[in-house]
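Right, one structure below, let's go through it.
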Amino acid sequence: MQADKVTHVDPRGPIAAVALGIFVITYSACSSPAKVGAAFPWTVNPTGLLNDITTLLGLYAATIPAKELLNVVLKYVGDNLIGYTRMDEGDQKVPKLEVLEFHDLCYLAVNTIVEFLGMNHTAAFLIGNSVGYDPRSFNTFNGPLAFIAVFVLNDVIYYPFHLVAHRRIFYPYCHKQHHRQFVPFRGYADAANQHPLEQMYGFAIWIGSLWMISKLLGLHAATAWLGTLSWAVLNICNHLPFDTQIHLPLPYPALPKDHNTHHRFPNTNFATLSTMTDRMFGTFRPYKAAGKISESKEEEEVPILKEAVPSQWSVISLGMLLFISLMAVEAVQLGGALPKTAVSTFTPSALLLLILGFTCWALRQDDDLEYTLLNKREVLVYQIPPASSSTGHKADDWKKCIWRGRLRIAGKGKDLSIKLLEGGGNLFAQCAIPGGDYNSYVERVVDSSRYFVLKITNGDRHAFIGLGFEDRNDAFDFNCTLADFKSTWIDREKEAEMPMPSSMPAKDLSLKEGQTIKINLPGGKSRRSREAEAGGYGGGTILAPPPSSGSRRQAPAVPAVPAAVPAAVPAGAGRAGVSSMSSPEAANDFFGDFNDFQAAPGDTGGPTGPTGPSRSPQAAAPEIFGGPSRSQAATPGVDIFGGPVAQAMSPAPAMDLFGGPSSSPQVSALASDPFAGPLAGSAQGQGAPAQAAPAAPWPGDAAYAFGGFSSAPKPAATPAPASSFSPVRPSPARGKDPFDDLDIFK
């Protein structure tokens with residue numbers, strides 16, 4: 001961030017500070033001293049004890065290095081002794097006010113005077129009549145309970161003042177100077193770099209909180225002095241760069257990182273010592289490290305119960321510091337002698353704090369116990385180079401084995417951890433998997449099923465190591481353990497969070513009685529409508545082949561369909577050479593209907609001789625695939641697979657069922673292939689043409705064709721005239737197959 005954007009100064013703040021200084025000086029000049037005979041007015045000397053200008057200036061000069069010394073000690077402890085993580089550093093540039101400018105130094109100089117006067121007024125209250133100094137008067141109420149109550153009340157009162165200071169109408173005149181620092185890191189200098197008005201009402205709120213608690217619960221001097229010192233130290237810690245867990249034993253205790261978040265997001269975290277009021281009014285924002293490259297997985301949220309309860313160490317520290325403060329107050333009262341009643345007086349408070357600390361410890365503990373999921377005695381750890389390809393790591397590239405030991409996979413609630421343990425149980429490395437989703441922490445290699453890559457994390461730092469198993473079964477167990485844990489805790493929880501299906505009753509979409517469905521299809525009329533308009537199939541009823549004589553049922557009489565116009569037949573042609581059924585043919589009759597297809601009485605003509613009986617064309621059954629029989633009555637018909645068939649007598653060879661010509665040279669009719677569409681033929685013969693009698697269809701055959709045998713009786717066959725024509729029956733010499741003996745043209 002550029003310096004001119006960071007160090008911009010609004011002139012309204014300094015102008016307001018000068019006006020405030022003039023008002024304080026004027027009011028102090030007009031005010032009376034705190035005591036009779038005091039040298040200075042009560043605004044400057046509230047205790048009435050500093051009557052010498054040299055003493056007053058000496059104390060003021062001593063406070064400046066004292067605050068700096070406290071700041072240096074805190075920074076040294078955080079940097080060197082404890083090694084806290086710094087919040088002003090990261091993978092990216094963290095913008096902050098690196099150099100204090102002239103107007104910043106002016107604010108700091110003015111605030112040293114305001115702070116000195118504020119401490120004088122605080123000391124005046126502490127040595128006043130509102131605070132008890134008798135060591136025997138110390139109890140649970142004016143001791144530990146009063147300590148907690150003072151800080152809670154201070155934050156409750158400070159919250160609205162801080163919130164109003166951020167409003168647009170007041171912010172440029174007062175609080176804007178303090179927020180010039182985006183990430184505090186100096187401690188005292190960043191804390192005191194603010195408007196003098198903020199320093200004044202900050203001291204006023206603290207003193208007012210002490211006074212109100214003294215009236216409600218009572219306030220002992222040991223509690224008041226310890227509280228004031230803690231208040232000053234925590235204000236400095238809130239502006240140090242350390243991510244520490246130091247806090248007071250308060251409900252929803254505030255940490256230094258919470259105030260660091262307030263500097264980066266000014267409309268959040270207005271309270272300084274407890275986040276209770278921020279959570280109550282919805283202005284709390286959890287801390288996220290600045291300058292860090294955001295990772296794919298979000299930070300794990302801390303349960304609300306753990307955030308509400310202070311740590312047990314803060315409670316124990318309060319007890320120890322209160323006891324030390326009580327002993328110091330009694331030593332001062334005794335003129336430096338050893339305290340005598342401090343131990344007995346503090347015992348009830350110590351027991352209370354011990355119980356409170358144990359309760360806080362129990363509430364902050366995890367409810368889930370750690371359990372072992374897998375143990376493997378022998379695993380190998382490799383130092384791995386960067387991935388050689390975009391597909392992932394290859395175990396063949398791992399040349400250096402850096403460790404050999406035991407592996408243990410442990411689960412704790414929804415968290416999973418892969419621990420690499422040495423022989424004595426010491427931890428070599430650990431791969432922590434929060435939430436059990438191991439895909440971001442464990443990666444398979446592309447060239448083996450026995451090697452994996454683990455992501456080892458340590459705070460903000462992480463490294464990758466190679467993990468290998470000598471036995472393939474061990475690698476299989478390792479992989480299955482991770483997958484089972486994920487399916488148990490992650491997948492099932494996601495399924496449970498999915499919205500339940502609607503419990504509304506299902507609609508009954510079935511067709512009710514009396515309801516109809518009408519479907520209009522585009523594209524004109526249907527095939528059946530077109531066929532009906534064309535006169536149906538073959539100009540009449542569909543006729544199917546008659547059933548066998550043994551199973552035929554008698555059908556009722558049905559009105560005959562009008563005959564079609566007959567085709568011309570050559571005169572004198574006689575019979576068209578129908579081959580007769582000899583007795584061997586009757587023996588080979590497959591369907592047992594030999595007797596149904598004998599010639600009519602008296603039919604002896606034809607080239608086959610008188611022994612060849614023939615069936616009359618008037619009684620001939622239709623062709624099996626829907627067209628009329630190839631007979632003398634060559635009426636136009638419709639094949640059941642589509643178009644009309646115009647049939648007439650022709651000397652051309654007849655067509656077999658599957659399209660080939662008949663083997664008999666005696667066939668003189670041109671038939672249609674039932675799978676090939678319409679076929680036209682012409683009739684030629686000897687003699688003059690003559691009109692043939694139409695073939696009357698049998699109604700019973702139509703009933704048979706549409707689903708079952710009809711009960712209608714079949715009319716008797718009518719003898720055919722001498723000039724009629726019947727197709728030749730194929731010769732049985734075509735083959736032994738019984739289907740060859742069937743005449744499809746019957």
Testing the basics here: between [X] and [Y], what is the closest heavy-atom pair and its distance to 0.1 Å?
{"X": "Thr272", "Y": "Ala254", "result": "O-CB, 3.6 Å"}
{"X": "Ser28", "Y": "Thr43", "result": "OG-OG1, 2.7 Å"}
{"X": "Thr261", "Y": "Pro286", "result": "CG2-O, 4.1 Å"}
{"X": "Val150", "Y": "Ser209", "result": "O-CB, 3.9 Å"}
{"X": "Gly436", "Y": "Leu416", "result": "CA-CB, 4.3 Å"}
{"X": "Ser230", "Y": "Leu248", "result": "CB-CD2, 4.5 Å"}

Check for a donor-acceptor pair, side chain of [X] on one end and backbone N or O of [Y] on the other, with a separation under 3.5 Å.
{"X": "Asp258", "Y": "Leu255", "value": "yes"}
{"X": "Asn269", "Y": "Arg285", "value": "yes"}
{"X": "Asp190", "Y": "Pro184", "value": "no"}
{"X": "Asp243", "Y": "Arg86", "value": "no"}
{"X": "Asp155", "Y": "Phe151", "value": "no"}
{"X": "Asn238", "Y": "Asn235", "value": "no"}
{"X": "Asn45", "Y": "Leu50", "value": "yes"}
{"X": "Ser417", "Y": "Lys419", "value": "no"}

Quick one: pull up [atom1] in [X] and [atom2] in [Y] and give me the separation to the nearest 0.5 Å.
{"X": "Thr122", "Y": "Phe203", "atom1": "OG1", "atom2": "CZ", "answer": "5.5 Å"}
{"X": "Ile64", "Y": "Leu59", "atom1": "CD1", "atom2": "CG", "answer": "12.0 Å"}
{"X": "Asn80", "Y": "Lys75", "atom1": "CG", "atom2": "NZ", "answer": "11.0 Å"}

Testing the 3.5 Å rule here: is there a donor-acceptor pair between the side chains of [X] and [Y]?
{"X": "Tyr60", "Y": "Thr112", "result": "yes"}
{"X": "Ser311", "Y": "His247", "result": "yes"}
{"X": "Ser214", "Y": "Ser130", "result": "no"}
{"X": "Tyr441", "Y": "Thr457", "result": "no"}
{"X": "Gln181", "Y": "Asn193", "result": "no"}
{"X": "Thr283", "Y": "Asp278", "result": "yes"}
{"X": "Trp225", "Y": "Ser325", "result": "no"}
{"X": "Glu198", "Y": "Asn111", "result": "no"}

_Test log, rule side chain to side chain contact (heavy atoms under 4.5 Å, CB included), inputs Ile324 and Leu226_ = CA-CA 9 Å; Ile324 295 174; Leu226 178 63; over 6 Å; no
Sidechain N-carboxylate O distance under 4.0 Å for [X], [Y]:
{"X": "Arg180", "Y": "Asp104", "value": "yes"}
{"X": "Glu115", "Y": "Lys67", "value": "yes"}
{"X": "Glu98", "Y": "Arg186", "value": "no"}
{"X": "Arg408", "Y": "Glu370", "value": "yes"}

Crowding at [atom1], [X] (>12 non-hydrogen neighbours, <6.0 Å):
{"X": "Phe141", "atom1": "CZ", "answer": "no"}
{"X": "Ile169", "atom1": "CD1", "answer": "no"}
{"X": "Lys486", "atom1": "NZ", "answer": "yes"}
{"X": "Tyr173", "atom1": "OH", "answer": "no"}
{"X": "Tyr371", "atom1": "OH", "answer": "yes"}
{"X": "Met280", "atom1": "CE", "answer": "yes"}
{"X": "Ile246", "atom1": "CD1", "answer": "no"}
{"X": "Phe265", "atom1": "CZ", "answer": "yes"}

_Worked check of side chain to side chain contact (heavy atoms under 4.5 Å, CB included) between Ile316 and Leu353_ = CA-CA 7 Å; Ile316 295 175; Leu353 292 175; over 6 Å; no
*Given Val183 and Asn260, is the side chain to side chain contact (heavy atoms under 4.5 Å, CB included) satisfied, shown in steps?*
CA-CA 6 Å; Val183 179; Asn260 183 279; 3.7 Å; yes
Would you say the ring centers of [X] and [Y] fall short of 6.0 Å from each other?
{"X": "Phe281", "Y": "Tyr159", "answer": "yes"}
{"X": "Phe170", "Y": "His175", "answer": "no"}
{"X": "His162", "Y": "His178", "answer": "no"}
{"X": "Trp361", "Y": "Phe358", "answer": "yes"}

Between [Y] and [X], is there a side-chain heavy-atom distance shorter than 4.5 Å?
{"X": "His263", "Y": "Phe182", "value": "no"}
{"X": "Leu420", "Y": "Ile465", "value": "yes"}
{"X": "Asn71", "Y": "Leu240", "value": "yes"}
{"X": "Leu100", "Y": "Leu97", "value": "yes"}
{"X": "Ile127", "Y": "Val131", "value": "no"}
{"X": "Tyr188", "Y": "His239", "value": "no"}
{"X": "Phe464", "Y": "Ile384", "value": "yes"}
{"X": "Phe125", "Y": "Leu219", "value": "yes"}

Using the ring of each side chain (for Trp, its six-membered ring), is [X] parallel, tilted or perpendicular to [Y], with breaks at 30° and 60°?
{"X": "His166", "Y": "Phe270", "value": "perpendicular"}
{"X": "Tyr201", "Y": "Tyr158", "value": "tilted"}
{"X": "His179", "Y": "Tyr171", "value": "tilted"}
{"X": "His195", "Y": "Tyr107", "value": "tilted"}
{"X": "Tyr84", "Y": "Phe242", "value": "tilted"}

_Intermediate values then yes/no, side chain to side chain contact (heavy atoms under 4.5 Å, CB included), Met87 and Tyr287_ = CA-CA 10 Å; Met87 296 183 289; Tyr287 168 79; 3.3 Å; yes
